[in-house]
Peer 1: 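Before I ask anything, here is the structure I am working with.
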Amino acid sequence: MDEPKLKEHVINRDWCKGCGICVHFCPKKVLELDDGDKAFAKRPEDCICCKLCEFMCPDLAIEIISSRGTARRAPTKGLL
Amino acid sequence: MAIKDYIRERFFPHIWCPGCGHGMVLNGLLRAIEKIGLDKNEIVMVSGIGCSARISGYVDFHTMHTIHGRALAFATGIKMSRPELKLIVPMGDGDALAIGGNHFIHAARRNMDMTAIVINNRVYGMTGGQFSPLSGYGTMSTTSPYSNIDHAFDVVELSVAAGASFVGRTTTYHAQQMADILGQAIIHKGFSVVEIMSQCPTYFGRKNRLGSAIDMLEHFKENTTPIGSKAKQKNPDLIERGIFVQKKIPEYCDEYKKIIERAVKD
Ligand SMILES: Cc1ncc(C[n+]2csc(CCOP(=O)(O)OP(=O)(O)O)c2C)c(N)n1
Ligand code: SF4
Ligand code: SF4
Ligand code: SF4
Ligand SMILES: [Mg+2]
């Protein structure tokens, strides 16, 4: 199967509360918090579209738009 | 359908604290429902009172935000009159097992088809961090400043003993497993209980020096294990995750219908 290709991280700044959960658990360390404590994609080129950030965000504030609609399995074994 | 189609976006951002596990339960539940492909008009969510109970305000299903501890009683009434609807009843640990404990065990015993979700953050979040029947021995809270001497229920053992026909447990850290177990619980015909260990960083986390929401999630990862794992044999203190019971026994509304048919014939 083709690897999904990232198109965009859609982050809703009005909903994000800066908890840092997506930043901490992203397996590729793609995300960071900005000066206003809102998540943003600092290294989007490293994103593997696993959607872990999207599945874990308590505020439904982050969405991964990729070339393939379905998510690749999250790489972290413990999650399954 | 995208999960955003199942929420009332006008009420977001939601009221929960940064990093609160309740939002992660909402996230997992929406994914489970999307995967099963349920129509929003087929679902009724009934909740009681508590931070967790606020969840019913955010989903675009038929919803009822009722009174503390009595969500299952309201859900029972709805299901009896409209058995074709899918009932989902999210409850806090206090809501489900302190004030609502009696409703809980009898709902489990009757095996009416509905899904009870116990969002267990081991504290009364909404009212300021008092201990609950799930806090456990030795925990700190605003009402146990010298440490709690009450022992905790085990939600899984209690539900099994009370007769629930589906019993599962997971944590907010295990996002995929959460969506998977919730999906199976919703599909299951009978009374399903899913315990989701969840974090209240504001009260339980702070009082027990467990760190941030992230630290609490790491704690769920480290202190739980799949049912029957080797790790559990080595370390009996690990809490097991997975589906403990999944059995087919007569469902209450089906049985009630048969009684009506018998009575009408006489
Ligand atoms: C009849 C009644 N008794 C007490 C209360 C006060 N009260 C509101 S929420 C709550 C407990 C909330 O704890 P829990 O169910 O664990 O939910 P959480 O806030 O932790 O999600 C209590 C005792 C109430 N609202 N109604
Ligand atoms: S997990 Fe969600 S709310 Fe928390 S920092 Fe990331 S985007 Fe913001
Ligand atoms: S999709 Fe995966 S790799 Fe990409 S930002 Fe989210 S968690 Fe990181
Ligand atoms: S008080 Fe606790 S349970 Fe309530 S919203 Fe805040 S973190 Fe969540
Ligand atoms: Mg609670």
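Below, chain A is the first sequence line, B the second, and so on; all start at residue 1. Worth saying up front: this structure is predicted, and the values here are computed from it rather than measured. Worth knowing before you read on, the calculation uses all heavy atoms, side chains too, and leaves out hydrogens, waters and symmetry mates.
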Peer 1: So which residue, A:Cys16, A:Gly18, A:Cys19, ends up with the most heavy-atom pairs under 4.5 Å with chain B?
Peer 2: A:Cys19

Peer 1: Out of B:Leu30, B:Leu217, B:Thr225, which one racks up the most heavy-atom pairs below 4.5 Å with chain A?
Peer 2: B:Leu217

Peer 1: Do you know which of B:Ile3, B:Ile214, B:Thr170 has the most heavy-atom pairs with chain A at a distance under 4.5 angstrom?
Peer 2: B:Ile214

Peer 1: For B:Tyr124, which residues count as a ring pair (Phe, Tyr, Trp, His ring centres under 6.0 Å) partner, sequence neighbours excluded?
Peer 2: none

Peer 1: Tell me, for B:Glu222 versus chain A, whether the close heavy atoms (under 4.5 Å) come from the side chain, the backbone, both or neither.
Peer 2: neither

Peer 1: Residues two or more places apart in sequence or in another chain: which of them pass side chain to side chain contact (heavy atoms under 4.5 Å, CB included) with A:Lys29?
Peer 2: A:Arg43

Peer 1: At a 4.5 Å cut-off on heavy atoms, which part of A:Asp14 comes close to chain B: side chain, backbone, both, or neither?
Peer 2: backbone

Peer 1: In Å and rounded to the nearest 0.5 Å, what is the OG1 to CE distance from B:Thr171 to B:Met216?
Peer 2: 11.5 Å

Peer 1: Is any side-chain N of the basic residue among B:Glu34 and B:Arg31 closer than 4.0 Å to the acidic one's carboxylate O?
Peer 2: no

Peer 1: Could you tell me which portion of A:Glu54 (side chain, backbone, both or neither) has an atom closer than 4.5 angstrom to a non-hydrogen atom of chain B?
Peer 2: both

Peer 1: Check the orientation of B:Trp16 and B:Tyr58. Use parallel for under 30°, tilted for 30 to 60°, and perpendicular for over 60°.
Peer 2: perpendicular

